[in-house]
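The structure under discussion appears below in the form of structure tokens.
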Amino acid sequence: MDVRFINPFLEGTISVLKTMAFVEPKPGKPYLKNDGLARGDVSGIIGFTGTLSGSMALSFSENAILKIVSNMLGEEIREINGDIEDAVGEITNIISGVARKKLESLGLTVLAAIPTVVSGKGHSIKHVLGGTSVVIPFETKDGPFVVDVCMSEMKQKTK
Amino acid sequence: MNIDKNIKILLVDDFATMRKVIKNLLKQSGYNNIVEAEDGVEALKVLKSEKVDFIVSDWNMPNMTGIELLKAVRADSDLSGLPFLMVTAEGLKENVVVAVKAGVSNYIVKPFTAEVLNEKIKKIIEKL
């Protein structure tokens with residue numbers, strides 16, 4: 001996958017969490033993932049169509065997302081509940097919006113579907129395109145999370 | 001120009017968490033008179049039943065979207081002059097054009113801070 005497709009998601013994730021949740025995530029070294037297992041306890045997944053097609057998943061460890069949403073709402077949340085799932089859907093949507101805006105500046109038009117949220121230990125993530133995805137690991141003071149992206153240029157796909 | 005912080009703001013968003021987040025940001029800016037609706041249909045009911053001074057609305061919502069609500073407001077002679085701030089995750093150029101053509105007062109792309117939200121509201125009110 002072209003690194004140009006990954007950076008907008010990396011930058012978007014940092015900027016959204018910094019602005020909305022006052023959390024500064026530190027990105028680690030990206031790696032390839034070939035299985036469908038989520039690397040977190042709650043995930044938001046969103047599909048894309050357009051010049052680029054595919055999907056992005058955000059998978060948060062429980063401690064990381066509890067802190068992020070508590071900061072967003074200005075109240076302490078102690079367990080993964082409806083508010084957390086609601087917020088993960090919205091965070092996924094907003095990061096997707098920021099990343100797609102950055103992709104637009106590269107001449108790539110990408111439209112997004114409505115995000116879905118899955119939670120539970122050891123849940124799986126099914127990317128629209130299947131196959132290998134690129135995972136960007138992040139660390140926060142309260143725990144890790146990952147951005148898991150699987151995208152392809154449509155012209156390459158139709159060859 | 002001094003902005004009247006007692007204006008009644010109608011906050012429309014289908015995500016309860018996002019309403020809570022935006023409400024907190026509005027309160028940080030001194031706006032405490034806030035009524036809520038979870039989509040455009042409910043927002044129109046509120047607008048018909050009580051006097052509202054300002055609308056802050058999400059774009060993507062079920063039943064009636066923010067853009068449909070905006071068009072309904074602009075088409076209603078009693079409501080057409082209401083300031084309307086569109087809040088959305090969609091920052092694509094073509095979306096901004098659609099909102100401007102429909103008569104939006106201003107447009108704010110998520111994520112944003114309380115300062116940015118306050119500034120957008122202030123600019124709209126100063127133009128009235």
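Residue numbers begin at 1 in each chain, while the letters A, B, ... track the order of the sequences.
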Start with the C-alpha gap between B:Phe112 and B:Lys120, add the side-chain angles, then the distance that decides, and say whether side chain to side chain contact (heavy atoms under 4.5 Å, CB included) holds.
CA-CA 11 Å; B:Phe112 51 84; B:Lys120 293 272 182 182; over 6 Å; no

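For a residue to count as touching a neighbouring chain, one of its non-hydrogen atoms must lie under 4.5 Å from one of that chain's; by this rule B:Lys23 does not touch chain A.
Between the side chains of A:Glu90 and B:Thr17, no donor-acceptor pair of N or O atoms lies under 3.5 Å.
Of the listed residues (A:Asn63, A:Leu17, A:Val16, A:Leu73), just one forms a side chain to side chain contact (heavy atoms under 4.5 Å, CB included) with A:Ile68, and that residue is A:Leu17.
Between chain A and the residues B:Asn24, B:Leu92, B:Val21, the largest count of heavy-atom pairs under 4.5 Å involves B:Leu92. For the options A:Asp83, A:Val69, A:Ile95, heavy-atom pairs under 4.5 Å to chain B are most numerous at A:Asp83.
Taking the six-membered ring where tryptophan is involved, the planes of A:Phe9 and A:Phe48 are tilted, since the angle between them lies from 30° to 60°.
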